[in-house]
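Take a look at the structure set out below.
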Amino acid sequence: MNIRAIRRRRPRHALLALLLAAAPLVPHPARAQSPEPHLPAVLRDARYCELVAVHVTREGLRADVYNTLGFDDCPADKWDALTRRDLFRQFDTLAVVMNGPRHFIMDGISATGATKTGEVITVGGITMAKRAEVGLSLHQAMGPAYTEQTIDRETTYRFDAGKPTFRLIAPDGAVYVMQSYAQIVDPALTYDQLAGLGARLKPPAGWRYTVDTPAQDLLLVAGGTAVVIQDEMKNTYQKVMPAAPPAP
């Protein structure tokens, strides 16, 4: 995921610079007593934040994604108060980056497997649960927009009939549905502005931004992996995968 680095001064490729400059530190993790998350009554436009811990493995870069969903709305005072020292004390990792604040677009989430049972942690008074593992190539870590990334997770996102969905259409016709908008590049971005967001985006040639209101509930299913992209404003979209052919 392309995310706000925890340094105050950021070069053009902030995450890559962070990966190269981070020194190994000994962590002193403070684990929560696994409180049960409870989804907000209204999920659409619910605020949340993520911390992404990046590791080097034999298979390449790997990121663990921790999410505040179900615990609180990522209080601005606590989020803004997090420091580089706080984050490296928490994680035994090469780098830690901050992804948020963000707001969900879907109306329902169901999770199974590791996505449902991830560990719970507390950082700077903010409680989070592990929600995904992400494999990153060096190219992806440098942060290009409109580039696919594969995330390991088992989730179903529901978008209610009669409510707008915000989509990117690739030159080959692939459809990506916005799952969250970010207040990282533009802290003032709101849900009400998403219908006109296409006028602000500058995607590669052949891409286009559309708004579609489904007549039936739209379900985005990730049965182990999800393919996502981000636009240049760090809004995140999940690819709509073609339905599996019927069994012979």
Side-chain angles (χ1 to χ4, degrees), residues 1-7 10-32 34 49-69 82-100 102 111-124 126-156 174 176 179-180 184 220-230 234 236-239 241 244:
M1 295 187 175
N2 300 324
I3 29 204
R4 177 168 61 91
I6 56 181
R7 293 185 156 205
R10 290 173 289 165
R12 180 178 179 183
H13 300 306
L15 179 53
L16 178 60
L18 182 63
L19 294 175
L20 296 175
L25 299 174
V26 179
H28 300 283
R31 302 299 178 190
S34 297
C49 297
E50 292 179 334
L51 291 176
V52 183
V54 182
H55 310 268
V56 175
T57 71
R58 292 181 179 179
E59 292 75 31
L61 296 178
R62 195 85 184 161
D64 296 332
V65 181
Y66 294 83
N67 187 297
T68 62
L69 180 64
L82 288 179
T83 66
R84 184 173 186 267
R85 180 174 297 180
D86 293 333
L87 298 178
F88 277 112
R89 281 177 176 171
Q90 181 73 40
F91 299 97
D92 180 14
T93 185
L94 174 66
V96 185
V97 288
M98 298 173 68
N99 181 25
R102 309 185 70 89
T112 58
T115 306
K116 183 178 181 180
T117 59
E119 67 172 327
V120 176
I121 64 172
T122 299
V123 187
I126 301 174
T127 302
M128 301 181 162
K130 184 176 178 180
R131 295 300 185 189
E133 294 181 356
V134 185
L136 296 172
S137 69
L138 189 59
H139 179 61
Q140 290 169 330
M142 292 174 69
Y146 304 97
T147 299
E148 289 188 347
Q149 298 185 39
T150 300
I151 299 176
D152 297 334
R153 70 169 184 230
E154 299 174 56
T155 54
T156 298
Y176 304 80
Q179 65 184 40
S180 68
I184 300 172
L220 293 187
V221 180
T225 60
V227 177
V228 301
I229 62 172
Q230 289 190 331
K234 311 298 185 187
T236 303
Y237 307 72
Q238 180 172 319
K239 189 175 187 178
M241 305 304 291

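Within the 4.5 Å cutoff, the side chain of Gln179 has heavy atoms near those of the Val228 side chain. Using a 4.5 Å heavy-atom cutoff, the side chains of Val65 and Arg153 are not in contact.
Applying the side chain to side chain contact (heavy atoms under 4.5 Å, CB included) criterion to Arg85, with sequence neighbours excluded, gives Thr83, Arg89. Take Thr68 and apply the side chain to side chain donor-acceptor pair (under 3.5 Å) test, not counting sequence neighbours, and it matches no residue. Every residue meeting the side chain to side chain contact (heavy atoms under 4.5 Å, CB included) condition with Ala53, not counting sequence neighbours, appears here in chain and number order: His55, Phe91, Thr93.
Going from atom CG of Leu69 over to atom OG of Ser180 covers 11.0 Å, rounded to the nearest 0.5 Å. The CD1 atom of Ile184 lies 5.0 Å from the CZ atom of Arg102; values are rounded to the nearest 0.5 Å. In this structure, Leu220 CG and Thr155 OG1 are separated by 8.5 Å, a value rounded to the nearest 0.5 Å. Atoms OH and CD, on Tyr66 and Glu50 in that order, are 12.0 Å from each other to the nearest 0.5 Å. Annotation: the span from Thr122 atom OG1 to Met128 atom CE amounts to 9.5 Å, rounded to 0.5 Å. The line from CE of Met98 to CG of Leu87 is 6.0 Å long, rounded to the nearest 0.5 Å.
Closest approach of Gly223 to Glu154, counting heavy atoms only: C-CG, 4.2 Å. When all heavy atoms of Gly124 and Leu82 are compared, the closest pair comes out as CA-CD2, 3.8 Å. The two residues Thr225 and Thr150 have their closest heavy-atom pair at CB-CG2, 3.9 Å.
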Original post:
Is there a side chain to side chain contact (heavy atoms under 4.5 Å, CB included) between Val56 and Leu61 once you walk through the steps?
Top reply: CA-CA 5 Å; Val56 175; Leu61 296 178; 3.8 Å; yes
**OP:** Carefully, step by step, assess Arg62 and Thr57 under the rule side chain to side chain donor-acceptor pair (under 3.5 Å).
**Re:** CA-CA 7 Å; Arg62 195 85 184 161; Thr57 71; over 6 Å; no
